[in-house]
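So the structure is just underneath, and the comments pick up after that.
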Amino acid sequence: MMRVEEESPSWLIPLLRANYFVPCSIHADSNKSECNMFCLDCSSSSFCSYCLSNHKNHRVLQIRRSSYHNVVRVNEIQKYIDISCVQTYIINSARIVFLNERPQPRIGKGVTNTCEICCRSLLDSFRFCSLGCKLGGMKRGNQSLSFSLKGKHGREYQGEAESDEATTPTKIRKTCAFNRLMNGLSISTVKSDYFSGDQWSSSSGDESGFNLSPGTPTIYNHRNSSRRKGVPHRAPF
């Protein structure tokens, strides 16, 4: 039993054993006062949404109900414990995991894999149907099971920050590439030409390889341009 307590957080057993979807003893007269919240920091009992003000900056999970069983969303619980080997399900477009075991009295035909604790039919890649069944497997002395998140101890509060840090190198590379592009454009523009008074003049030196000065305009002879053609004369016979 000592090893199970070491491999599982202290709030896991209270989370599984708490009584959910009962009227809140404090806000019983209010609408939607059913207890469907659990605080991982307090680890006491379930509470309703009106009691959230007493758990500010705490890690709070919302418990949901599916087929009269308590479930929690995977994206919420997997930040705090390792849920590997536990089968997950998609309900209402959200992936969830069941809290406690769900015994199946009759196993369907063709089932090749069942939960090691309650014998519920599972997919081949899973061993347990719920968090409670995985805990039961640990109590049996299975050394390969653990609820600990490897390499993430003491970082439960940084779930969102970790995702931001993971994308930081990509953001830096994109920013540096953009800055180099803009610097290259500005340098080439400065080297190519600059505006002075009312005329464009080429830059001193030809390092840039560009010459944007206008070409020499064609010189017109105004006397020839204003001269009118005379009457054509016929050649003599």
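Values in this document were obtained by computation on a predicted structure and should not be read as measured data.
For Arg65, the CZ atom sits in a packed shell: over 12 heavy atoms of surrounding residues, nucleotides or ligands are nearer than 6.0 Å. Atom CZ of Arg64 has more than 12 neighbouring heavy atoms from other residues, nucleotides or ligands inside a 6.0 Å radius.
Residues Phe38 and Leu99 fail the side-chain proximity criterion, which asks for heavy atoms closer than 4.5 Å. Contact check for Leu16 versus Glu101: no side-chain heavy atoms found under the 4.5 Å cut-off. Here the side chains of Leu122 and Thr114 are not in contact, with every heavy-atom distance at 4.5 Å or above. In this structure the side chain of Ser46 never reaches within 4.5 angstrom of the side chain of Glu34, judged on heavy atoms. You'll find the side chain of Ile83 stays beyond 4.5 Å of the side chain of Phe147, heavy atoms only. Using a 4.5 Å cut-off on side-chain heavy atoms (C-beta onward), Arg127 and Leu145 make contact.
Side chains of Arg95 and Asn75: a donor-acceptor N/O pair is absent below 3.5 angstrom, by distance only. Using modelled atom types and a 3.5 Å distance limit, the side chains of Asp124 and Thr112 yield a donor-acceptor pair. Side-chain N/O atoms of Gln104 and Arg102 include no donor and acceptor closer than 3.5 Å.
Taken together through direct or relayed side-chain contacts under 4.5 Å among Ile, Leu, Val, Met, Phe, Trp and Tyr, Met37 and Ile26 form parts of separate hydrophobic clusters. Both Met138 and Leu15 are assigned to one and the same hydrophobic cluster, defined by single-linkage of ILVMFWY side chains at heavy-atom distances under 4.5 Å. Leu131 and Phe126 fall into different hydrophobic clusters, where Ile, Leu, Val, Met, Phe, Trp and Tyr are joined by side-chain heavy atoms under 4.5 Å apart, directly or via other members.
Looking only at distances, no side-chain donor or acceptor of Ser30 sits under 3.5 Å from a matching main-chain atom of Ser33.
Note that Arg59 lies in the cation-pi zone of Tyr80, set by a 6.0 Å cut-off to the ring centre and a 45° limit from the axis.
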(message) For a side-chain contact (heavy atoms from CB on, under 4.5 Å) check, start with the C-alpha distance between Phe128 and Gln87, then their side-chain angles and the critical distance, and finish with the verdict.
(response) CA-CA 6 Å; Phe128 305 99; Gln87 179 164 323; over 6 Å; no
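Centroid-to-centroid, the aromatic rings of Phe98 and Tyr89 come within less than 6.0 Å.
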